Amino acid sequence: MEADYKKISEKWQKKWKQEKVFEAKMNSEKKKYYVLEMFPYPSGKLHMGHVRNYSIGDSLARYKRMKGFNVLYPMGYDALGLPAENAAIKGKVNPKEWTYSRIDEMKSQQEMLGFSYDWNRSFATADESYYKWNQWLFEKFFEKKLVYKKKASVNWCDDCGTVLANEQVENGKCWRCKNIVQEKELEQWFLKITDYADELLEDLDKLKDWPERVKLMQKNWIGKSFGTEIYFKVKETKEIISTFTTRPDTVFGITYLVFAPEHPKIRKWVKGTEYEKKLDEFLAEVKKQTAIERTSEGIEKKGIFIGKHFINPVNGEECKIFVADYAVMDYGTGAVMAVPAHDQRDFLFAKKYKLPVKIVIQPKGKELDAEKINKAFVEKGIMVNSDKFNGMNSLDAMEKISDFLEKQKWGKKTVNYKLRDWLISRQRFWGTPIPVIYCEKCGIQLVPEKELPVRLPEKAEFTGKGNPLNKIKDFVETSCPKCKGKAKRETDTMDTFFDSSWYFLRYCSPKANSVFEKKEAEYWMPVNQYIGGIEHAILHLMYARFFTKAIRDLKLLKIDEPFEKLLTQGMVLKDGKAMSKSLGNVVDPGEIIEKFGADTARVFILSASNPESEMEWDEKGAENSFKFLNKIFSLVGDNKKKAEHKKELNSKEKLLQSKTQRIIKNTSELIEKLELNKAIAELMQLTNALQKFEEKESPVFWIGIEKLVLMLNPFAPHLSEELWEKIGGKGFSSLGKWPEFEEKKIDLKAEKQEEFIERIQKDILHITDLISEQPKKFIEKMQKETSAPIDSIIKQQTKLAEKMQKEEIKRIKIFTAPKWKWILLKKLFEVKEKNENKRIEFGEAMKKAIEFDKQHAQEIKGFVMAAVKKLNEMNEFIELNEIKTLKENSGELQKEFSAEIQVIEAEKSEEKKALNAFPLKPAILVE
RNA sequence: GCAGGAGUAGCGAAGCGGUCAAACGUGCUGGCUUCAGGGGUCAGUGGCUUAGUGCCUUCGGGGGUUCGAAUCCUCCCUCCUGCACCA
């Protein structure tokens, strides 16, 4: 039976909307749960990644709602950014119109999928009422000195016509357009994220429910390393320059110094000397290299001597200073002390330019020769050629030398981070205007709070060259808030990552006339479960953490971390590759929804694999989820519900009850762990169990159906509602109570037994299959073997089969005993055979066994220990009195075991005979 | 190079020290269904087999720990992901 999924979906989506089913209201009496998905950039159409992301979130939100939590589950749009502007350049459309029409498109698709968002709280970052607060926050940060402007060598993307943050440069290319990034000197705005480097690093430990991978990536990005700054005097100029090292133990091995080509001191030093021209040539060469060439592996290091020398303070040695491409301005101090003997890069450079190599650490029990080594020795060892530190372990020397340098004021212990301040200026139109005014008299001025927001002009010209804001007179020309004189507005806009760094706070009170309402935010925050792609592991997630801490320090909110749990969902693949337009393997979710309905799309995308792993999109798979839903639909639809009445449950009903209860338990646990694929597998098992259950009028069957329909809600909400209505459920299943379970009703032992019964019946059925397939062959065979007439064969076999069925339980009980038990029994039996008939306790038996068979003492002990442990653990599986009997009658061990084993053997052979002789199921014969 | 993750039937994916390898789904083979090459349903799907939930083999490969390993340790191979001239 197939349902009209389209009609059902529309019907329930309309009802949910009308009755405001998913609106969230603060209620301090009720426990809250905040589920959030990374909000999308409104490109217009949803792609499979979105569908996956939201299906995961919606399942959890619905589950938590049914579990009685006050759930906040909002959706919004990260609506500022380049694509809108690019569209404007290309198509002469207004970015605002373009963006908002795309938001509408996207929203209608999201609604079609039946996600339970509180649409009342929805907003876009392009809303004035949102970016106003971006500006407000900027000003607060400014006052706190968390924002500053400086001239810096920045990453410039020519294609995007803007500056990029360090985090947005990937392998020397722009993260968005893959254009090669250039370096440019510009005055730019920065956020002082480095102030929080330590806290951002340390608090990673608090994030117990974040994937290790993400935490690690952030840790590497922050890149904290402990080391020593060492000062050197330049011989010719008497200037003091500083270098950073993590290996102060090698300080006696320094043979030259390397400066980054961009280092500001260099130019000064070579000015007017013979080296100036050489340096210019070298710099030109370095500039020609793209970032990729410069960072590619195995590249030869190049450098030049610049005619200056320095004195190594620890030993007074005079060495040359070089400029080389392998030193970078970005890290440390931009100058490196070179120890060729103990650093591979220095080694290669020294070899190339014939610079001395001086060994100061020797491996234990070996002696290195500076002339002969062909690579640097970078490990720990024993100090040599290091004055008073000789003979010391290099690890200890590290500490000692640092202390020594500090004492002599030749250096100091420092901490270095890879993390740089966050560059937020963008030379773009479609972003939040930075609320700053430049006055010639008064300098940099903030736009007064009451004049916020600084609005983006409605009209602008998009030529693709430069920032359109620059050309809008009305926007640029303004007056100084202080002196009222003529002044100019800042035309840079903010990086859109600024917008997404606090949007989760805005959802708490989206209409607030403040950045957010403290009371609401205190109730809803932190986000309990955040879901999104791994691509944001560093950028967005680190910025959001930084904002939360900065906002805390503005005394606006008390929390340290915004996201309690994080799930990074895997990619959706097609034919083993990420879906992309260039590969032409993009599957449009719209088609699937059109073809099979929203529920199918959701169930498939969740069931195909674990949310965190990649999933392969497979058309066939979607069809199968469709079948699964149909199965449930017909299961409910085909059967008539009977009024419930109390009665003793028969064994089959008890079994179904046990299964239902067990599945409720498992499903709940799995959803909590967000192992949604497994949760759906459980529901499939329940569906199968219900379908196979014959007494479709039993109340137990209908209880099962009811639970199934409720548990279906997080995954296939429309069908769940429809069926809920059909079976006479009250209200919405979306607001129904999540099924509870009673542990005592779960009877694993009985379920196992049933499995065996089924198995035997299946065996019999199978043989009947064979018969119907080849009746002649079978009868011929039987006649041959028994040389009896067919009639009598059938009669005889009927009797046997009946007997078999009656005794089923008994036999099965024996077979249910797990294998290890038989191994144990066998083992004990073997041991006992050597013993005489003495009365011994269970534990005694073990001792005796060991005595008799010392060689296998541990083996026996192991078996018995495991047995006892298992017997205790599994007492629901094996009757306790079985253990008791074993204990009580241990004196009779030998007899009993042999008897028991004989019984088993006998029964086995009886069954064997029965199966051999009679493969027919009586019921079939009777007919 | 460094760091992290993964490798289980034809495929996706469970299992994470002993009940028990392969739940759940799909694919393939066959039966049933007034059965359309569709849908539904039942069975089979590592090898041997006396046909017995019998024996053997098997969780990327080699070693090891253990009475017992897909599971823990170790080395190697393959793939993925992140970072990378970081001093």
Side-chain angles (χ1 to χ4, degrees), chain A residues 1-2 170-171 211-217 219-221 223 225 227 243-247 250 258 260 294-299 301 324-328 330-339 343-346 348-349 416-418 534 537-538 604 607-610 612-616 618 620-621 623-625 627-628 630-631 634 675 677-678 680-685 688 691 748 752 755-756 759-760 762-763 765-766 768-770 772-773 815-821 823 827 856-867 869-871 873-874 877-878 908-909 911-912 915-916:
Chain A
M1 202 192 294
E2 252 179 54
E170 294 169 349
N171 285 327
E212 282 306 315
R213 186 153 86 110
V214 173
K215 288 198 271 186
L216 209 80
M217 278 161 77
K219 195 181 160 195
N220 288 340
W221 190 262
S225 57
T243 65
F244 174 78
T245 183
T246 52
R247 293 290 304 273
T250 63
V258 185
R294 214 172 139 179
T295 55
S296 66
E297 213 176 315
I299 186 122
K301 303 171 185 350
D325 55 2
Y326 78 94
V328 292
D330 259 14
Y331 187 73
T333 62
V336 190
M337 55 175 240
V339 187
D343 181 283
Q344 187 60 17
R345 285 157 312 179
D346 297 343
L348 291 174
F349 191 83
N416 217 326
Y417 298 92
K418 283 194 227 174
I534 186 77
I538 298 173
F604 173 61
S607 64
S609 96
N610 186 294
E612 292 201 276
S613 2
E614 293 177 338
M615 72 156 288
E616 175 70 25
D618 170 23
K620 189 83 187 145
E623 257 174 63
N624 292 315
S625 299
K627 277 189 216 166
F628 163 61
N630 273 332
K631 209 171 176 179
S634 21
E675 299 193 27
N677 55 329
K678 292 186 214 167
I680 292 175
E682 290 289 330
L683 295 188
M684 286 177 173
Q685 288 185 54
N688 289 345
Q691 193 172 42
L748 281 179
K752 281 283 166 195
E755 230 172 71
F756 283 109
R759 211 141 176 172
I760 287 173
K762 271 181 193 169
D763 278 352
L765 266 175
H766 176 55
T768 18
D769 263 4
L770 289 179
S772 46
E773 193 189 338
F815 286 123
T816 316
K819 205 175 184 174
W820 59 262
K821 188 180 156 191
I823 297 169
K827 199 79 206 168
H856 297 104
Q858 260 189 310
E859 200 180 343
I860 294 164
K861 203 173 159 188
F863 272 126
V864 176
M865 296 306 269
K869 193 176 130 204
K870 275 291 144 187
L871 285 169
E873 275 175 21
M874 299 284 165
F877 196 65
I878 294 164
K908 271 187 186 172
S909 67
E911 189 192 21
K912 193 168 160 183
L915 278 168
N916 264 340

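Values in this document were obtained by computation on a predicted structure and should not be read as measured data. Throughout, a chain's letter reflects where its sequence line sits, starting with A, and its residues are numbered from 1.
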Please report, rounded to the nearest Å, how far the [atom2] atom of [N] is from the [atom1] atom of [X].
{"X": "A/I534", "N": "B/rA3", "atom1": "CD1", "atom2": "P", "answer": "19 Å"}
{"X": "A/R213", "N": "B/rG5", "atom1": "CZ", "atom2": "P", "answer": "10 Å"}
{"X": "A/Q344", "N": "B/rC2", "atom1": "CD", "atom2": "C1'", "answer": "15 Å"}
{"X": "A/K627", "N": "B/rU41", "atom1": "NZ", "atom2": "P", "answer": "9 Å"}
{"X": "A/E623", "N": "B/rG38", "atom1": "CD", "atom2": "C1'", "answer": "11 Å"}
{"X": "A/M217", "N": "B/rC83", "atom1": "CE", "atom2": "P", "answer": "6 Å"}
{"X": "A/M684", "N": "B/rG12", "atom1": "CE", "atom2": "P", "answer": "18 Å"}
{"X": "A/N677", "N": "B/rC24", "atom1": "CG", "atom2": "C1'", "answer": "9 Å"}

Side-chain N,O ([X]) to OP1/OP2 ([N]) below 4.0 Å:
{"X": "A/K678", "N": "B/rG15", "answer": "yes"}
{"X": "A/N688", "N": "B/rG25", "answer": "yes"}
{"X": "A/Q691", "N": "B/rU41", "answer": "yes"}

Need one value for A/D346: base, sugar-phosphate or nothing, where a base atom within 4.0 Å counts as base even if backbone is also close, heavy atoms only.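 No contact.
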Which one of A/V258, A/D346, A/T250 satisfies the side-chain contact (heavy atoms from CB on, under 4.5 Å) criterion with A/M337?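 Result: among A/V258, A/D346, A/T250, A/T250 is the only option passing the side-chain contact (heavy atoms from CB on, under 4.5 Å) with A/M337.
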Taking the same atom, C1', in B/rC79 and in B/rG60, what whole-Å distance lies between them?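 It comes out at 11 Å once rounded to the nearest Å.
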What integer number of Å spans the P atoms of B/rU71 and B/rG61?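 These two P atoms come out 11 Å apart once rounded.
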Searching all strands shown, indicate the nucleotide that pairs with [N] (Watson-Crick or G-U wobble; both distances under 3.5 Å).
{"N": "B/rU58", "answer": "none"}
{"N": "B/rU78", "answer": "B/rA6"}
{"N": "B/rC24", "answer": "B/rG12"}
{"N": "B/rG37", "answer": "none"}
{"N": "B/rG18", "answer": "B/rC67"}
{"N": "B/rA43", "answer": "B/rU29"}

Rounded at 0.5 Å granularity, tell me how far CD1 in A/I680 sits from CZ in A/F628.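 Answer for the CD1-CZ pair, A/I680 versus A/F628, is 7.0 Å.
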Nearest 0.5 Å please: distance from the CD atom of A/E612 over to the CG atom of A/N677.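 One gets 11.0 Å once the value is rounded to the nearest 0.5 Å.
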Compare the minimum distances between each of B/rG15, B/rA84, B/rA23 and the side chain of A/A681, then state the nucleotide with the smallest one.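 Closest nucleotide to the A/A681 side chain: B/rA23.
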When you measure from the side chain of A/D325, which nucleotide among B/rG4, B/rC85, B/rA23 comes out closest?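 Per side-chain heavy atoms of A/D325, the pick is B/rC85.
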Going by the rule side chain to side chain contact (heavy atoms under 4.5 Å, CB included), which residues pair with A/S225 if we only count those two or more places apart in sequence or in a different chain?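 Side chain to side chain contact (heavy atoms under 4.5 Å, CB included) list for A/S225, sorted by chain: A/F244, A/T246, A/Y331, A/N416.
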Decide whether A/N610 and A/K678 meet the rule of one side-chain donor and one side-chain acceptor closer than 3.5 Å.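 Absent: no donor and acceptor within the cut-off.
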